[in-house]
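Everything below concerns the one structure shown next.
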4 protein chains.
Amino acid sequence: MKNNKPKYKLIIDAAVDVIAENGYHASQVSKIAKKAGVADGTIYLYFKNKEDILVSVFEEKMGQFIEQIVTATNERENASEKLLTLIEMHFSQLAANHHLAIVTQLELRQSNLSLRQQINRILKPYLVVIDEIVKEGVEEKLFRSDIKIPLIRQMIFGTLDETVTNWVMNEEKYDLIGLAPYVHELITKGVSVK
Amino acid sequence: MKNNKPKYKLIIDAAVDVIAENGYHASQVSKIAKKAGVADGTIYLYFKNKEDILVSVFEEKMGQFIEQIVTATNERENASEKLLTLIEMHFSQLAANHHLAIVTQLELRQSNLSLRQQINRILKPYLVVIDEIVKEGVEEKLFRSDIKIPLIRQMIFGTLDETVTNWVMNEEKYDLIGLAPYVHELITKGVSVK
Amino acid sequence: MKNNKPKYKLIIDAAVDVIAENGYHASQVSKIAKKAGVADGTIYLYFKNKEDILVSVFEEKMGQFIEQIVTATNERENASEKLLTLIEMHFSQLAANHHLAIVTQLELRQSNLSLRQQINRILKPYLVVIDEIVKEGVEEKLFRSDIKIPLIRQMIFGTLDETVTNWVMNEEKYDLIGLAPYVHELITKGVSVK
Amino acid sequence: MKNNKPKYKLIIDAAVDVIAENGYHASQVSKIAKKAGVADGTIYLYFKNKEDILVSVFEEKMGQFIEQIVTATNERENASEKLLTLIEMHFSQLAANHHLAIVTQLELRQSNLSLRQQINRILKPYLVVIDEIVKEGVEEKLFRSDIKIPLIRQMIFGTLDETVTNWVMNEEKYDLIGLAPYVHELITKGVSVK
DNA sequence: CATGAATGAGCTTTCATTCAT
DNA sequence: TATGAATGAAAGCTCATTCAT
């Protein structure tokens, strides 16, 4: 019984594993090809070059990541609840996929400017999702309107990202998902008492 | 009149410039040596290997960076003011040194696990400074005590880091330092109204 | 209405164009197949391998080339006139077909020994034609008999070939055909006065 | 006792041998390096890239080739004698160096346009030497003035080149140098009787 | 006959590091 | 200390050829 998965997907999945296991710079194309069970040359029938594999990995995985979050947050009533759901989903999806967490938090950052810019382009829709939740909160008079939204979004994304990165670098030893309500509390209420 | 700076420092400074100008991956040892005005081989009298140059660059620059912040925050009366000063100093020091900002926010992230861990070790004292300000705030009953300090520190550092990275990736087009009070407000009060 | 030319000929013609346009080393089999409107694999139903395409190209085109010259020279009365006709035909056929001129004068020379030997084999009949004209001239007491025919043939072919190559490398800027009588004069009378 | 020849010359000589033995396309840089007794990387301290090795080989050898001919022809009294000496030297130098003959007559022709143009540039001085002998002959009223010099030069060079190529392709089985007077006779007097 | 997806061997060039001087 | 010429391992990508359909 042969493997019927389309080669594109086979290669993407192999790339996630290989990058997570070996790190970005030790992920030779030949290693990815071997893991995917295809010839080296086959990679180039589906991807323009090595960088294109990485971008596609991120595009593919990030697409699913964002879709899950959008679906889940849409089921919530107000901006604060949506924000909590976003945090929970952000944490839970990365906690559920060890390799993906390593790739997004560590490996994909080791890239040159060109790749970085493409990653930012892919990340954009997620930032837009955050922006929209914040806007909604402002309209609902739940969130402050005296600070520019991009700055608020940077705080939210920066906090989530730093929290996940710390968790990954601590070898995922503690419960990331359990932190969600505390992070939500911090973001909404801030560090000050009352 | 020849340059009397010790070669160690010459090489460190050359490395910062070369990395900022060419990017991490295009920063060959020979380029750094040329900029520093020494022979390639001389580099290896002062540094174990290429990675050691990078770690030393970060160590050197980060040491000064932290020292400045510690000195400045010590002159403040309470935790909230200290936090504001820390934010201002964090922003102003990077805004004042274009090359250093690029190196810390973009280039040094493109490194392998080993280098990343050493960078974290170097970053540790800065995180400790943040922790201490938070602890002081808690003792002063200014900051909340119901959330673990590491989480609060991650929010603070994550927000600052994300804000600076965005500013660098936007080609430093807007006034970073001017954002300090708003970021401080967000961190202390949160996104919620009141 | 689809193209009814037999695929063999389609491929040969495509190969001439592709080689002339892209040069020998950039003439991938897939490019020739695309231009011919057939699948890559189809090529191998008609040709043993890539080299075989090139040999066949030369064989095909050279066959026509020689045939034209034989026909035309046969209409002449004596060796000297035949030689002039041969020169005129040699020049005019290449001048009339830009792509063929590039392929014969430049691209086909960039080949390995095996291909070169096959090309020589194909060229042989042309050299025989020259030899026969010379022999005829000797019999008619028009041409000298004190120098071996192969040497005379080398002078004739060498002169023609060098003249055409120079014209091609000068981007065919001047009138090649107009040179025929001068070249004929040089070959028959030599460079010396009287 | 180590080899004191400068590496540049070592590599040039190794390249001639390797190309003659293996042919142009099978002459990997690593093969040349091995033959020269240096590391692969060392090649790139002396040559810009692989093509540069080939150009340099031709430049170096052709320089000597031309110099010898210029020196020898300058010792002759008139244009006809100079031409004979040029032919003799052209033949004898290639006959004396089997590898060089193969490289110049066969291997260096298998090159792309860029390399071909560089080779032509290097060949230029030789063509100028021929031109000058012809001009001298015209002034001395020995050579005809009714045909443009470039055409005469093409006949001369074409004849010599074709003669040498034939000799090389016939595995150098006959005496090339002995052909010189006959070739000279053909060039000066032509193929016609009287 | 025809297809075209898949194969995988093959090669130039870079650059961190060494070491004889 | 300082030099810089020399080293040589390492890897992305191409493309002629095959073969299952």
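Numbers restart at 1 for each chain; the letters A, B, ... are given by sequence-line order, proteins then strands.
The neighbour count for C:K9 NZ, taken as heavy atoms of other residues, nucleotides or ligands under 6.0 Å away, is above 12.
Among the nucleotides F:dC13, F:dG4, E:dT3, the one closest to the side chain of A:K50 is F:dC13. Closest contact between the side chain of A:Y44 and the listed nucleotides F:dG12, E:dG4, E:dA6 involves F:dG12. Candidate nucleotides E:dA5, F:dA16, F:dT7 were compared by shortest atom distance to the side chain of C:Q28, and F:dA16 ranks first. Of all nucleotides listed (F:dT7, E:dG8, E:dT3), E:dT3 comes nearest to the side chain of C:T42. Side chain of D:N49, nearest nucleotide from E:dT13, F:dA16, E:dA5: E:dT13. Candidate nucleotides E:dA16, F:dT17, E:dT13 were compared by shortest atom distance to the side chain of C:V29, and F:dT17 ranks first. Listed nucleotides E:dC1, E:dT7, F:dG4 differ in distance to C:L45; the shortest reach to its side chain belongs to E:dC1. When distances run from any side-chain atom of D:D40 to the nucleotides F:dA9, F:dT18, E:dT17, the shortest one goes to F:dA9. Here F:dA6 is the nucleotide among F:dG4, F:dA6, E:dC15 with the atom lying nearest to any side-chain atom of D:K7.
Separation of atoms CE (B:M62) and OG1 (B:T104) is listed at 7.5 Å; rounding is to 0.5 Å.
As judged by a 4.0 angstrom heavy-atom cut-off over every strand, D:F47 is placed among residues making no nucleic acid contact.
Between B:I53 atom CD1 and E:dA16 atom C1' there is a gap of 10 Å when expressed in whole angstrom units. We find that CD of A:E51 is positioned 16 Å from C1' of F:dA11, with the value rounded to whole Å. Here the C1' atom of nucleotide F:dC15 and the CG atom of C:N22 are 14 Å apart, to the nearest Å. Rounded to an integer number of Å, the gap from A:I11 CD1 to E:dA5 C1' is 12 Å. The OH-P distance, from B:Y8 to F:dT1, rounds to 15 Å in whole Å. Rounded to a whole Å, the NZ atom of B:K34 is 20 Å from the P atom of F:dA2. One can place CG of D:D52 at 10 Å from P of E:dT13, the figure rounded to the nearest angstrom.
Nearer the 5' end of DNA chain E, as judged by each residue's closest nucleotide, is the contact made by C:G37, out of D:S27 and C:G37. Checking A:G41 against D:A39, the closest nucleotide of DNA chain F that is more toward the 5' end is the one next to D:A39. Annotation: of the two residues near DNA chain F, A:K48 and B:I43, the 5′-most nearest-nucleotide partner is B:I43.
A sub-4.0 Å separation between OP1 or OP2 of F:dA5 and a side-chain N or O of D:Y46 is absent.
The nearest pair of heavy atoms linking B:D52 to B:F47 is OD2-CA, 3.4 Å. Scanning all heavy atoms of the two residues, the minimum distance from A:V103 to A:V16 falls at CG2-O, 3.7 Å.
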Practice task
Tell me, with the steps shown, if B:Q118 and B:L54 meet side-chain contact (heavy atoms from CB on, under 4.5 Å).
Solution key: CA-CA 10 Å; B:Q118 295 189 70; B:L54 298 168; over 6 Å; no
Fill in: side-chain contact (heavy atoms from CB on, under 4.5 Å) assessment of A:Y46 paired with A:S56
CA-CA 10 Å; A:Y46 295 91; A:S56 302; over 6 Å; no
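For the side-chain contact (heavy atoms from CB on, under 4.5 Å) test, residues two or more places apart in sequence or in another chain that qualify with A:K50 are A:V29. B:Q64 meets the side-chain contact (heavy atoms from CB on, under 4.5 Å) test with B:E60, B:K61; sequence neighbours excluded.
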Dot-bracket assigned to DNA chain F with the 3.5 Å Watson-Crick/G-U criterion, [ ] for crossing and | for other-strand pairs, is .||||||||||||||||||||
